[in-house]
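Along the sequence shown, the residues carry numbers beginning at 1.
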Amino acid sequence: NGLRDTVKVFYVKNFPTHILLTTKTPYIWVRDTGSMQQTDITATVIGATGDPIEINDGIQFQIVNGPGEGEHLIPQGSTPEKTSIIHTVNGVASAQLRSGTRAGTVQLRATLVDDPSIAAQTTNIVIRSGPPYMWVDPANPNYVIQHGITLIQPGKCNVAFANPVQQIAVTAIFVDRYNNPIEKG
């Protein structure tokens with residue numbers, strides 16, 4: 001009946017704009033403690049619309065900083081600190097971080113292979129120390145490898161001989177089998 005209108009429609013491709021880097025387990029323990037020594041890392045590529053991209057792109061994970069004693073990523077790429085290229089499925093890619101023998105914080109980076117300017121970096125994974133450690137040789141009980149106390153330090157070096165009631169403070173530092181200081185408690 002004579003009514004007419006024109007509407008412009010713009011189609012926008014959901015192109016990648018940033019990466020959301022997460023892990024469900026923000027801490028793991030040093031190797032050979034009997035506790036969890038690996039965590040999954042997930043990179044979600046977010047597009048211009050705010051949703052994960054549907055196009056499968058390549059992501060590469062890398063350890064930027066860490067304790068430096070054997071921690072590594074899986075699947076391993078050219079070095080233990082870098083993964084091979086992992087293709088996203090519906091915008092999501094995952095890798096695993098395994099601990100080494102040194103306690104400390106690990107800083108990770110996920111980079112979009114086709115556009116290295118799109119990346120995310122985080123420092124939310126902690127490698128915790130293990131329990132105090134002592135090993136006794138089953139064949140020779142006199143052969144003991146002790147890692148429970150690494151240092152005993154007296155508060156005073158010269159003790160007055162004539163004053164037998166003088167108190168002396170002693171400091172002991174407890175460590176795990178890899179000489180990481182034991183956590184409080």
Side-chain angles (χ1 to χ4, degrees), residues 16 18-46 52 57-113 115-138 143-153 169-185:
H18 63 283
I19 296 174
L20 178 63
L21 188 58
T22 59
T23 182
K24 289 184 180 179
T25 309
Y27 55 87
I28 55 179
W29 280 265
V30 294
R31 188 172 58 215
D32 301 330
T33 59
S35 297
M36 189 169 42
Q37 302 166 39
Q38 174 178 310
T39 186
D40 293 329
I41 306 145
T42 304
T44 305
V45 183
I46 306 296
D57 277 328
I59 297 283
Q60 193 165 38
F61 294 89
Q62 177 179 351
I63 296 174
V64 178
N65 287 310
E69 290 293 326
E71 66 275 4
H72 61 280
L73 293 167
I74 299 170
Q76 188 172 322
S78 57
T79 67
E81 293 83 22
K82 194 180 273 192
T83 64
S84 57
I85 296 172
I86 302 167
H87 292 282
T88 61
V89 176
N90 295 324
V92 179
S94 293
Q96 291 79 38
L97 169 69
R98 284 200 182 158
S99 66
T101 59
R102 176 85 51 207
T105 304
V106 178
Q107 185 176 28
L108 296 167
R109 182 176 180 87
T111 306
L112 191 64
V113 175
D115 187 355
S117 67
I118 299 174
Q121 193 161 305
T122 186
T123 314
N124 65 345
I125 299 175
V126 175
I127 300 174
R128 301 173 76 174
S129 63
Y133 176 78
M134 180 174 72
W135 181 80
V136 179
D137 187 347
Y143 180 65
V144 177
I145 298 175
Q146 174 67 38
H147 286 277
I149 304 173
T150 59
L151 173 69
I152 297 177
Q153 179 180 353
V170 176
T171 302
I173 299 175
F174 290 88
V175 297
D176 66 9
R177 69 183 300 162
Y178 301 111
N179 288 324
N180 295 299
I182 298 301
E183 296 177 8
K184 184 177 179 180

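- Put simply, the side chain of Asp57 reaches to within 4.5 Å of the side chain of Pro16, judged on heavy atoms.
- Between the NE2 atom of His72 and the CZ atom of Arg98 there is a distance of 5.0 Å, given to the nearest 0.5 Å.
- Across all their heavy atoms, Trp29 and Ser129 have their closest contact at CD1-O, 3.3 Å.
- Taken from CZ in Arg31 to CD in Gln38, the straight-line distance is 13.5 Å, to the nearest 0.5 Å.
- Val106 places none of its side-chain heavy atoms less than 4.5 Å from the side chain of Ile28.
- Test Thr25, Thr105, Ile41 against Ile125 for side chain to side chain contact (heavy atoms under 4.5 Å, CB included) and you get one pass: Ile41.
- In this structure, CG in Leu21 is found 7.0 Å from CG in Asn124, a value given to the nearest 0.5 Å.
- In this structure, the side chains of Leu112 and Ile59 come closer than 4.5 Å at one or more pairs of heavy atoms.
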- Which is it for Asp40 and Ser94 under the side chain to side chain contact (heavy atoms under 4.5 Å, CB included) test, yes or no, and what are the steps along the way? CA-CA 7 Å; Asp40 293 329; Ser94 293; 5.6 Å; no
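- Atom-to-atom distance recorded for Gln96:CD and Gln37:CD is 14.0 Å, nearest 0.5 angstrom.
- Note: Ile63 CD1 to Glu71 CD = 5.0 Å, rounded to the nearest 0.5 Å.
- In this structure, Val30 and Arg102 have side chains that are not in contact, with every pair of non-hydrogen atoms separated by 4.5 Å or more.
- In this structure the side chain of Ile86 reaches within 4.5 angstrom of the side chain of Phe61, judged on heavy atoms.
- Of all heavy-atom pairs spanning Pro116 and Val113, the tightest one is CD-O, 3.8 Å.
- Rounding to the nearest 0.5 Å places CD of Gln121 at 11.5 Å from CD1 of Ile19.
- No side-chain heavy atom of Thr122 sits under 4.5 Å from any side-chain heavy atom of Thr23.
- Within the 4.5 Å cutoff, no side-chain heavy atoms of Pro52 are placed close to those of Asn90.
- Thr22 places none of its side-chain heavy atoms less than 4.5 Å from the side chain of Thr44.
- Smallest separation of non-hydrogen atoms from Asn180 and Thr101: ND2-O, 2.8 Å.
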